[in-house]
Amino acid sequence: MHLSQRELIKGRLIIFLLLGVKLFTGIESRMDWNVECPLKCACYIGRLDTENFKQVMKIVNCTKAGLSLIPQNLSSSTEALIVSSNSIKDLNLPPRMRQLKYLDVSNNKVTSFDKQIQKLIQLRNLNLRSNFITSLRNGQFSGLKYLINLDLSKNKLRYIEKHAFGGLNYVQRLNLEDNNLNILENQWFVGMPSLKWLYLSRNVLRELKNGVFDTSNHLDTISFKENKIRNIEHNAFFGLEQLATLDLSNNNILSIPSKSFLKLPNLKKLNFDGNPIYRLVQETFCNLNVSVLSLSYMPHLSVIEEGAFVNLTKLISLQIHDNQKLVFIDPNAFDNIPSLRNLYIHNNRLRVLPHKIIQSLPSIKVCHFYSNLLHCDCNIDWMVNDIMSKNHTSIMYDGAMLMCYTPPSRYGLPIVSLPQTNETQNCVPMTIPIYDKNYEMSIGEELRLECHATGVPEPNITWMLPNGSMLSQSIKYNRIEVKNKFILIVRHLQKSDSGLYACQAANSEGFDISETLVKVINKPIRIIALPSTLNYITITWNGTKYWSMISDYQIHYREAKSRVNYRIVHLSPYSRRYTFSNLKSYTSYEFCIVYVYSTEMYPVDCINATSGKALDYLPGITSVNTKAVAAVITIVVMIFILACAIMVVRKFKRRKSYSSTTDEEDTFVTTQIPLENVYQPNTYMCSSKTSLIRAQEQ
Ligand SMILES: *[C@@H]1O[C@H](CO)[C@@H](O)[C@H](O)[C@H]1NC(C)=O
Ligand SMILES: *[C@@H]1O[C@H](CO)[C@@H](O)[C@H](O)[C@H]1NC(C)=O
Ligand SMILES: *[C@@H]1O[C@H](CO)[C@@H](O)[C@H](O)[C@H]1NC(C)=O
Ligand SMILES: *[C@@H]1O[C@H](CO)[C@@H](O)[C@H](O)[C@H]1NC(C)=O
Ligand SMILES: *[C@@H]1O[C@H](CO)[C@@H](O)[C@H](O)[C@H]1NC(C)=O
Ligand SMILES: *[C@@H]1O[C@H](CO)[C@@H](O)[C@H](O)[C@H]1NC(C)=O
Ligand SMILES: *[C@@H]1O[C@H](CO)[C@@H](O)[C@H](O)[C@H]1NC(C)=O
Ligand SMILES: *[C@@H]1O[C@H](CO)[C@@H](O)[C@H](O)[C@H]1NC(C)=O
Ligand SMILES: *[C@@H]1O[C@H](CO)[C@@H](O)[C@H](O)[C@H]1NC(C)=O
Ligand SMILES: *[C@@H]1O[C@H](CO)[C@@H](O)[C@H](O)[C@H]1NC(C)=O
């Protein structure tokens with residue numbers, strides 16, 4: 001039926017194109033609607049069957065009709081107008097469309113609206129998906145008082161005035177996906193008391209502020225998927241009494257705003273997938289009514305701490321899978337989770353599944369644990385027995401898919417092939433370090449190492465420092481802290497903190513150690529000399545900036561071949577460049593950039609630069625014949641004499657040239673240099689004696 005109608009329309013189009021004459025006026029349809037029909041459109045009485053709207057209506061369907069304007073002579077009894085996939089720019093509606101209930105203008109080029117739209121008082125569905133609307137004005141939709149679905153997705157919306165949605169008293173579904181919104185205004189949803197579904201995926205929201213949803217107490221679903229949300233204020237969800245589904249996946253949330261969810265008594269599904277959360281700390285999810293919680297595809301999630309999930313009395317399904325860094329879930333991570341049936345923790349890098357976790361989940365029925373890095377020692381005996389004994393037909397493990405990763409002797413073995421045991425054995429500890437094999441840190445940074453362990457009986461963790469100190473209690477010296485026994489923190493790193501750090505786990509059966517080599521290096525500051533003229537040398541460098549513990553930046557310099565002490569120039573932390581003007585010509589100098597950190601001095605980078613050597617070709621001259629050399633020397637001497645003359649003239653302006661350098665940044669930088677640290681030009685400028693040596697002699 002449907003097919004034959006399509007073919008008929010196609011056939012009609014072909015005939016129309018051949019004859020160039022309008023032969024038919026919308027006769028054929030599912031049900032005849034005897035009305036004059038615009039060119040290339042189909043007019044019929046039929047059933048609209050879209051996701052959000054199902055009804056038998058008088059339809060004018062102008063999909064892909066090549067229209068650039070909305071047809072103006074439509075029957076005033078039209079109930080559904082579909083002008084999708086044309087190139088309409090103005091939403092310029094014919095007057096007297098009092099019966100119109102359904103308007104689909106998706107896939108066009110609409111940028112602005114006509115006031116006529118406000119006269120569509122019967123409109124229930126307005127689809128503006130995939131257009132070029134950039135902003136919405138106050139009262140834009142006023143008059144559409146029976147509108148239920150408003151689709152503005154895939155536009156260029158950047159700015160929506162406070163009362164743009166005013167008067168949309170019955171709108172239940174508002175789709176703003178795929179736009180450029182970066183802020184939610186407090187007033188937007190105030191005039192939309194019936195709003196139930198709100199889609200804001202793929203915008204550029206950065207923050208969820210308090211007060212936006214204060215009056216949205218019928219909202220059922222909000223999707224914030226794929227925004228850039230980093231911050232969620234405590235009362236951001238205040239007022240959402242009926243909210244059941246909240247999707248915050250793929251944002252920039254660094255830590256879960258636990259308190260915000262306490263304002264959501266009916267929240268059932270909460271999705272945090274794909275956020276850069278590093279660990280789930282104690283009471284991250286506490287006293288909530290959620291039944292489905294998803295924490296998957298998180299690239300940084302490494303650890304789930306003791307008591308991360310507490311009092312989630314209605315939780316049924318928990319998804320913590322495909323977290324490529326997740327190595328450890330504390331045995332006591334779950335506290336009072338009485339209804340949890342499905343636990344999905346596959347595709348992580350977990351080394352063990354503590355029996356205590358399963359024991360603390362009384363209703364568990366399904367546990368997916370495949371594709372982890374299982375360590376097959378006595379810690380998994382319980383699992384082997386559970387799976388093999390079939391005693392508990394109650395829990396469904398993905399038993400056949402569980403393979404050992406370590407020890408090497410058991411690598412790749414399915415755990416169901418391991419011998420059953422009595423579960424009374426002890427086994428040596430295994431450390432689970434959450435750090436790499438080595439680290440290169442800069443001076444002043446903070447080192448943070450974390451280590452967990454398994455073993456029966458439960459092992460003790462001891463930290464070993466490079467100087468041989470052992471720390472086994474939670475302690476806090478001035479720079480060193482051991483937190484909860486398993487986190488070691490060394491603050492304000494110094495070079496002397498370099499060396500081997502280790503975490504040792506020991507119990508009555510033995511011990512295990514994991515080490516990491518920490519190298520504390522200078523800051524990566526690089527110094528370069530700009531091409532110099534005669535007895536000037538300008539050097540520049542990157543990477544200096546204010547650092548709380550760095551008390552001074554300096555340049556140390558001297559003639560390269562001499563053994564005299566370095567002269568010192570003190571710099572401001574913002575300096576990027578410095579010009580030496582008092583140097584001997586054709587002389588190589590050594591310049592070093594140095595910083596002082598906690599009373600120690602650290603040279604970072606040195607260069608040798610020669611004054612009066614403007615161009616790179618000079619070294620090549622040695623390979624030329626003596627005549628050429630003589631000629632060059634003559635020229636150089638002449639240039640030198642000329643330059644000296646210029647110098648004498650310029651020396652009176654020298655001081656001024658310090659503060660008026662070439663570009664803007666320079667000006668800023670050089671004004672930071674205190675003048676007493678700048679060498680003043682002296683009368684020996686063209687003499688053979690350098691001011692440097694003179695200065696040394698003084
Ligand atoms: C509008 O209707 C008139 C007759 O009422 C017709 O002549 C004209 O072609 C129609 N225009 C379009 C664009 O369909
Ligand atoms: C409108 O026409 C297009 C193309 O002719 C067709 O794909 C679409 O299903 C029609 N819509 C309705 C609601 O009939
Ligand atoms: C959970 O639901 C109960 C009743 O259904 C309600 O009293 C309680 O406030 C809800 N908890 C939260 C955190 O909203
Ligand atoms: C968990 O619930 C119990 C009893 O309802 C309560 O005593 C306890 O304080 C709750 N725990 C937390 C961390 O809120
Ligand atoms: C079998 O299950 C029962 C009750 O759940 C338990 O008491 C018993 O120890 C289990 N037996 C084995 C061999 O695990
Ligand atoms: C398990 O315990 C029983 C007796 O309680 C003993 O006979 C058996 O040898 C033990 N098996 C292993 C593997 O230790
Ligand atoms: C080792 O270094 C730490 C931190 O620098 C220091 O507190 C401790 O006293 C040192 N121990 C020894 C034995 O030198
Ligand atoms: C672990 O620490 C406890 C208390 O600090 C101590 O009593 C016990 O002997 C330690 N065990 C091992 C194996 O070092
Ligand atoms: C300075 O430049 C060097 C070489 O280009 C680079 O390796 C270093 O990271 C830079 N330092 C800073 C602090 O940007
Ligand atoms: C600069 O030259 C001196 C003497 O030739 C040399 O000892 C020193 O290593 C050089 N420094 C650099 C950074 O090249």
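Just follow the structure's listing: the first ligand is 1, and inside any ligand the first atom is 1.
Aromatic ring orientation, Phe285 versus Phe309: parallel (interplanar angle below 30°, classes split at 30° and 60°). Aromatic ring pairs are classed by plane angle as parallel below 30°, tilted from 30° to 60° and perpendicular above 60°; the pair His556 and Tyr566 is tilted.
With a 4.0 Å cut-off on non-hydrogen atoms, Asn287 touches ligand 3 through its backbone and not its side chain. At a 4.0 Å heavy-atom cut-off, ligand 3 does not touch Glu241 at all. Looking at Ile82 against ligand 2, only its side chain comes within 4.0 Å, counting heavy atoms. By the criterion of a heavy-atom distance under 4.0 Å, the side chain of Tyr44, and not its backbone, is placed next to ligand 2.
For ligand 2, the atoms sitting less than 4.0 Å from at least one non-hydrogen atom of Leu48 are 13 (C), numbered in the order shown with element in parentheses. Atoms of ligand 9 lying under 4.0 Å from any heavy atom of Asn542, numbered from 1 in the order shown and given with element: 1 (C), 2 (O), 3 (C), 8 (C), 10 (C), 11 (N), 12 (C), 14 (O). Distances below 4.0 Å separate heavy atoms of Thr63 from the following atoms of ligand 2: 1 (C), 2 (O), 3 (C), 4 (C).
The ring of Phe261 has its center closer than 6.0 angstrom to the ring center of Phe272. Between Phe591 and Phe580, a ring centre-to-centre spacing shorter than 6.0 Å is recorded. Close placement of the Phe189 and Phe213 rings is indicated, their centers lying within 6.0 Å of each other.
Nearest residue to atom 2 (O) of ligand 2 from Val83, Asn61, Asp49 is Asn61 (criterion: closest heavy atom).
Using a 4.5 Å heavy-atom threshold, the side chains of Val83 and Thr63 count as separate. Taking 4.5 Å as the limit, some side-chain heavy atom of Phe237 sits within range of a side-chain heavy atom of Ile232.
Between the Asn217 side chain and the Gly239 main chain, no donor and acceptor come within less than 3.5 Å of each other.
For atom 9 (O) of ligand 3, the nearest protein heavy atom (residue, atom name, distance) is Pro265 CB, 4.5 Å. Shortest contact from atom 10 (C) of ligand 3 to any protein heavy atom: Asn289 ND2, 2.4 Å. If you check which protein heavy atom lies closest to atom 5 (O) of ligand 3, you get Lys314 NZ, 3.7 Å.
Within a 4.0 Å radius of atom 14 (O) of ligand 3, the protein contributes one or more non-hydrogen atoms.
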